[in-house]
Amino acid sequence: QVQLVEYGGDLVQPGGHLRLACVGSGFIPDYYSISWFRQAPGKEREGVACISREDDNTYYADSVKGRFTITRDYAKNTVFLQMNSLKPEDTAVYSCASEFVGRCVNWFVPEAMDYWGQGTQVTVSS
């Protein structure tokens, strides 16, 4: 079984930056993808980004392209989400999730994920 834990959520001013981390533990399969989702109060859960263990391809929602970057350190079972130029509309609970497939084919579909972290709060406000 896999456990995922997120770190790095905080209160930041508009235009600021944060780096989130998703750390996995337990039995890690050979092939998987890690996706970041976010959900604001009253809003649907939104897929933010994904990185594939098989080919290291990355994917981003249009709302964060050019501002967010997903990277990984496989030796530490960690995936990062660097968030720059933060906007108030980025305020949400950010969660990482894993799918036990080699590529990010369903990265934007919450129902396709196999494991979830507990989430970390990101608040962008003056």
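Just the heavy atoms: all of them, side chains too, but no hydrogens, waters or symmetry mates, feed the values below.
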Review point. Minimum heavy-atom separation for Ala21 to Thr78, with atom names?
Key: CB-CG2, 4.2 Å
Revision key, fill the gap. dist Ser33:OG -> Asn57:CG (nearest 0.5 Å) comes out at 11.5 Å
Exercise for review: Specify the closest pair of heavy atoms between Gly119 and Val93, including all atoms of both residues, with the distance to one decimal.
Suggested key: CA-CG1, 3.9 Å
Practice item. Check the side chains of Tyr31 and Arg53 for a donor-acceptor pair under 3.5 angstrom, ignoring hydrogens and angles. Key: no
Check your understanding: Do Cys96 and Ser35 come within less than 4.5 Å of each other through their side chains, counting heavy atoms only?
Key -> no
Revision key, fill the gap. Of all heavy-atom pairs linking Leu18 and Gly8, the shortest is CD2-O, 3.7 Å
Review point. Do Phe100 and Ile34 belong together in a cluster built from hydrophobic side chains that touch within less than 4.5 Å?
Key: yes
Check your understanding: Side chains of Leu20 and Thr120: does their closest heavy-atom pair fall under 4.5 Å?
Key -> yes
Check your understanding: Is the distance between the ring centroids of Trp116 and Phe37 less than 6.0 Å?
Key -> yes
Practice item. Report the distance from atom CD of Gln121 to atom CZ of Arg38, rounding to the nearest 0.5 Å. Key: 12.0 Å
**Study point:** Joint hydrophobic cluster, Val2 plus Trp107, side-chain heavy atoms closer than 4.5 Å
**Key:** no
Check your understanding: Roughly how far, to the nearest 0.5 Å, is the CD atom of Glu111 from the CZ atom of Arg45?
Key -> 9.0 Å
Check your understanding: Is a donor on one side and an acceptor on the other found under 3.5 Å between the side chain of Asn106 and the backbone of Ala112?
Key -> no
Point to revise | Exercise: identify the closest heavy-atom pair between Lys65 and Asp62 | key: NZ-OD1, 3.1 Å
Practice item. Can you measure from CG (Asp114) to CD (Glu99) and round to the nearest 0.5 angstrom? Key: 6.0 Å
Point to revise | Student check: side-chain heavy atoms of Ile51 and Val79 closer than 4.5 Å | key: yes
Review point. Is the side chain of Glu6 donor-acceptor paired with the backbone N or O of Gln118 at a distance under 3.5 Å, no angle test?
Key: yes
Check your understanding: Applying the 4.5 Å side-chain criterion to the ILVMFWY set and letting contacts propagate, would Leu86 and Val48 be lumped into a single cluster?
Key -> yes
Review point. Where is the tightest heavy-atom contact between Val109 and Met113, given as atom of each residue plus distance?
Key: O-CE, 3.5 Å
Exercise for review: Keeping the roles fixed (side chain from Thr91, backbone from Thr123), state whether a donor-acceptor pair exists under 3.5 Å.
Suggested key: no
Practice item. Treating Ile, Leu, Val, Met, Phe, Trp and Tyr as nodes and any side-chain heavy-atom pair under 4.5 angstrom as an edge, say whether Phe68 and Tyr59 lie in one connected cluster. Key: no
Exercise for review: Count the heavy atoms belonging to other residues, nucleotides or ligands that lie under 6.0 Å from OH of Tyr74, then report whether that count exceeds 12.
Suggested key: yes
Practice item. Could you check if a side-chain atom of Leu4 sits within less than 4.5 angstrom of a side-chain atom of Ser98, using non-hydrogen atoms only? Key: yes
Practice item. Decide whether Ser63 and Glu46 meet the rule of one side-chain donor and one side-chain acceptor closer than 3.5 Å. Key: yes
Check your understanding: Can you list the steps and then say if His17 with Met83 is a side chain to side chain contact (heavy atoms under 4.5 Å, CB included)?
Key -> CA-CA 5 Å; His17 59 272; Met83 305 185 295; over 6 Å; no
Practice item. Please assess Cys50 against Trp36 for the test side chain to side chain contact (heavy atoms under 4.5 Å, CB included), listing each intermediate value before the final yes or no. Key: CA-CA 6 Å; Cys50 183; Trp36 285 96; over 6 Å; no
Check your understanding: Any side-chain heavy-atom pair from Thr69 and Phe80 closer than 4.5 angstrom?
Key -> no
Check your understanding: With side chains defined as the heavy atoms from C-beta onward, is the minimum distance between Pro14 and Ser126 less than 4.5 Å?
Key -> yes
Practice item. Could you tell me whether Lys87 and Asp90 make a salt bridge, using a distance below 4.0 angstrom between a side-chain N and a carboxylate O? Key: no
Check your understanding: Is there a chain of hydrophobic side chains (I, L, V, M, F, W, Y, each step under 4.5 Å between heavy atoms) that links Tyr94 to Tyr60?
Key -> yes
Exercise for review: Please round to the nearest 0.5 Å and tell me the distance separating atom CD1 of Ile28 and atom CD of Gln1.
Suggested key: 11.0 Å
Review point. Should we count CZ of Arg72 as having more than 12 external heavy atoms under 6.0 Å?
Key: yes
